[in-house]
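Structure first, then comments.
Basis for what follows: all heavy atoms, side chains included, without hydrogens, waters or symmetry-related copies. The sequence lines fix the lettering, A, B, ..., with proteins before strands; numbering per chain opens at 1.
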Protein chains: 2
Amino acid sequence: MLEISDLAQQTGLSAHTLRYYEKRGLIKASNRSEAGYRFYTDSDVRRVQFVKAARNAGFSLNDIGQLLSIRVDKHSHSCQEVTDITQKKLLEVNAKMAELQSMQQTLELLLASCCGGPENATHCSIMEALDAGLSRENEN
Amino acid sequence: MLEISDLAQQTGLSAHTLRYYEKRGLIKASNRSEAGYRFYTDSDVRRVQFVKAARNAGFSLNDIGQLLSIRVDKHSHSCQEVTDITQKKLLEVNAKMAELQSMQQTLELLLASCCGGPENATHCSIMEALDAGLSRENEN
DNA sequence: TATAAGCTTAGAGCTAACTCTAAGGTCAAT
DNA sequence: ATTGACCTTAGAGTTAGCTCTAAGCTTATA
Ligand SMILES: [Zn+2]
Ligand SMILES: [Zn+2]
Ligand SMILES: [Zn+2]
Ligand SMILES: [Zn+2]
């Protein structure tokens, strides 16, 4: 039986975060001491590790809630439900990537155009480009 | 002289957002009517467009505040200051991209491994992979 | 037994960039 | 003069995921 700080150490999450996850309904200590201290079993540890792996994959805590309810009763859920959640997340990630790529490209162009030197910015091509609205092309 | 809703229409930002930008110190109506209505000049419009272009490039409102103070007094600032801000932002964007790319790769692997079918999830390889902590390899 | 470390809870605070509400004033048109 | 659309302000609410605080117990060690 692990106390919360032991679990924190084993998972790399803070005790605060673990209590927060409990408040969110994601995890729960299997046992409590008479004084109310949380005690975690190996099964609890595995559940937390599942949550952590899902976080690394990019799932939101809400997504993870769904994945966890599938996990505890796999018989009542299908592979399709799991892929639906995963696919949806992939689409979100792809959308954000596209946004960031556009920023990246813009920033690289800006940097390539500016001398970056110590003289004053009256002629700065970055400022000019921003003044020109990034030379059209940006719908949205 | 444009009223706030005219400026909103011209820039594609909401009047709420424009007032918010003013509260943040980014923009300001050059004039006010006797009743207190904001009136914007062409110069104000260009400033808002600068802000919008900078937002599109990924700059935060704080960054934009700095860029704007360079913009109004280019003689007292150098190209280097501008590139510093831009470079810093590019590094942030690159960091986020790396994070997202890792998620993307993970999600794609997960999707490739799962049948996605209607049968129950007792054998689901996505669930298994998450249970296995995404097969090690994820430092952090 | 005293001290320190760690546990409990409810709830506030943080970040970023909006987004919206309430309560009221203004303006053009009917 | 009365709609209705628009304007003003201060300030609260939203989102996600923590992060921290306060006030008070509990437990282990010296
Ligand atoms: Zn230069
Ligand atoms: Zn320059
Ligand atoms: Zn399957
Ligand atoms: Zn599956």
field: Enclosure of B/Q9 CD (heavy-atom neighbours >12, cutoff 6.0 Å)
entry: no
Separation of C/dA16 atom C1' from B/I64 atom CD1, nearest Å, is 12 Å
In whole angstroms, the gap separating P of C/dT8 from NZ of A/K28 amounts to 13 Å
Next on the checklist: Salt bridge or not between A/E22 and A/R19? Use side-chain N to carboxylate O under 4.0 Å.
Outcome noted: no
(message) Does the Lys NZ or Arg CZ of A/R71 fall within the cation-pi geometry relative to A/F50 - under 6.0 Å from the ring centre and within 45° of the axis?
(response) yes
Rounded to whole Å, the CD1-P distance (B/I27 to C/dC18) equals 11 Å
Is any NZ, NE, NH1 or NH2 atom of the basic residue among B/K89 and B/D63 found under 4.0 Å from an Asp or Glu carboxylate oxygen of the other?
-> yes
With B for base contact, S for sugar-phosphate-only contact and - for none (protein heavy atoms under 4.0 Å), nucleotides 7-20 of chain D reads SBB-B-----BBBB
Quiz item: Would you call A/K96 and A/E99 a salt bridge, using N to O less than 4.0 angstrom?
Solution: no
